[in-house]
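Chain A is the first sequence line, chain B the second, and so forth, proteins listed ahead of strands; every chain is numbered from 1.
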2 protein chains.
Amino acid sequence: METTWGHQLRAVGLRVTRPRLSVLDVLSTHPHADADTVVTGARAQHPTLSPQTVYGVLEALVSVGLARRIEPAGSPALFELRVGDNHHHLVCRSCGAVADVDCAVGAAPCLSPSDTSGFVVDEAEVVFWGLCRGCQAEAAPESVQIDEHEIPGGASS
Amino acid sequence: METTWGHQLRAVGLRVTRPRLSVLDVLSTHPHADADTVVTGARAQHPTLSPQTVYGVLEALVSVGLARRIEPAGSPALFELRVGDNHHHLVCRSCGAVADVDCAVGAAPCLSPSDTSGFVVDEAEVVFWGLCRGCQAEAAPESVQIDEHEIPGGASS
DNA sequence: GTCCTTAAGTTGACTAGTTCAAAACAACGG
DNA sequence: CCGTTGTTTTGAACTAGTCAACTTAAGGAC
């Protein structure tokens with residue numbers, strides 16, 4: 001079932017290797033994983049995998065557009081396979097959990113700042129900061145129902 | 001003229017010290033300075049100042065709301081004194097220069113993501129990525145007039 | 001199937017940026 | 001002027017990530 005990754009890799013001119021397949025597999029099950037989470041996860045299939053290799057794989061995937069790197073303040077870099085669409089992120093201030101958000105107003109509302117100061121803008125990145133459901137419950141335990149649907153997220157190192 | 005900083009510090013319950021005044025002074029002239037820039041700049045007034053002290057001062061200023069910390073991907077943390085308004089940033093992909101942008105559409109257009117996944121959002125942070133005027137000139141030297149109004153920025157370590 | 005080229009993985013040292021902890025110092029209220 | 005306590009200093013440590021030399025193996029050619 002993971003041979004799909006092989007095709008994707010070949011399609012962009014990358015060789016199909018075990019570290020790459022493992023990393024892609026981990027990313028598909030951990031949508032916002034940091035490098036350390038990827039290393040740990042990928043070792044299930046490839047126990048001798050080194051962090052440096054994972055950094056190399058992640059960089060390769062990002063450079064060909066198979067993966068995207070995000071760096072919320074205070075977290076290590078996170079990687080996701082959802083690329084090519086215009087989506088943004090919700091980040092929990094407390095636990096670092098990350099969730100995807102489609103750009104609310106369609107095209108790109110914030111994409112046109114009033115005064116660009118001479119910059120040529122090619123991307124508007126939006127990060128919504130707040131508290132995830134689980135951390136809301138911790139913050140106000142008496143009045144909030146605890147809902148067990150939250151994403152643990154990969155950003156707690 | 002910098003005694004104003006003294007009042008500001010006292011108003012938020014912080015003691016007035018030389019490192020703090022120096023750091024505030026540097027931040028007022030370098031609107032988006034990283035820690036290293038602050039250390040270097042503040043040493044003009046206080047040559048023995050250590051980086052650790054600057055980190056402490058910056059954290060104190062941020063925690064009382066006199067300064068704000070931003071962390072564009074790929075740059076060390078930057079600090080600015082412009083707080084309390086809803087403004088965003090333009091970041092140059094090439095040189096790391098940072099410029100302020102007022103939120104284009106008034107209140108907060110992106111502040112309401114369509115699906116918050118259970119998060120309670122308290123801030124929408126927008127980063128516009130692009131090329132500053134100077135780096136546009138470097139990228140296409142033949143057809144761009146070089147305009148010497150650009151901000152060097154403090155993000156190139 | 002085997003060989004060869006070259007991309008990719010491995011190993012290990014190393015850096016930047018930041019944080020932590022204990023001891024010395026100094027702001028400012030009394 | 002003195003004492004309390006918040007700040008600074010000093011120095012070490014830590015995390016995330018990078019760099020470079022060497023080894024391995026992917027995949028095209030034969």
[X] [atom1] to [N] [atom2], straight-line distance once rounded to whole Å:
{"X": "B:L14", "N": "C:dA26", "atom1": "CG", "atom2": "P", "value": "19 Å"}
{"X": "B:D36", "N": "C:dA16", "atom1": "CG", "atom2": "P", "value": "10 Å"}
{"X": "B:E59", "N": "C:dC20", "atom1": "CD", "atom2": "P", "value": "8 Å"}
{"X": "B:D34", "N": "C:dT18", "atom1": "CG", "atom2": "P", "value": "8 Å"}
{"X": "A:L21", "N": "C:dG9", "atom1": "CG", "atom2": "C1'", "value": "14 Å"}
{"X": "B:L49", "N": "D:dT7", "atom1": "CG", "atom2": "P", "value": "15 Å"}
{"X": "A:R15", "N": "C:dA7", "atom1": "CZ", "atom2": "C1'", "value": "4 Å"}
{"X": "A:L9", "N": "C:dA8", "atom1": "CG", "atom2": "C1'", "value": "12 Å"}

[Y] versus [X], side-chain donor and acceptor atoms under 3.5 Å:
{"X": "B:D102", "Y": "B:H87", "result": "no"}
{"X": "A:H88", "Y": "B:E125", "result": "no"}
{"X": "B:S22", "Y": "B:D25", "result": "no"}
{"X": "A:T53", "Y": "A:S50", "result": "yes"}

Does [N] have OP1 or OP2 sitting under 4.0 Å from an N or O in the side chain of [X]?
{"X": "A:R10", "N": "D:dG27", "result": "yes"}
{"X": "A:T53", "N": "C:dT10", "result": "yes"}
{"X": "B:T17", "N": "D:dT7", "result": "no"}
{"X": "B:R20", "N": "D:dT7", "result": "yes"}
{"X": "A:Y55", "N": "D:dG17", "result": "yes"}
{"X": "B:H46", "N": "D:dT7", "result": "no"}

DNA chain C: B:V16 or B:Q52, which has the more 5' nearest nucleotide?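 Its nearest nucleotide being more 5', the pick is B:Q52.
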Which comes earlier along DNA chain D counting from the 5' end, the contact point of B:G56 or that of A:F79, where each point is its nearest nucleotide?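 It is B:G56, whose closest nucleotide lies nearer the 5' terminus.
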Please pick, from C:dT11, C:dT19, D:dT9, the nucleotide with the shortest atom-to-atom distance to any side-chain atom of A:S50.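 Closest of the options to the side chain of A:S50: C:dT11.
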Between D:dG17, D:dA12, D:dC19, which nucleotide has the shortest distance from any of its atoms to the side chain of A:P76?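 Selected nucleotide: D:dG17.
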Does A:A77 reach a base, just sugar-phosphate, or nothing at all? Heavy atoms under 4.0 Å.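 Sugar-phosphate, no base atom in range.
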Should B:E123 and A:R93 count as an ion pair when the cut-off is N to O under 4.0 Å?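 Judged by the 4.0 Å cut-off on N to carboxylate O distance, B:E123 and A:R93 do form a salt bridge.
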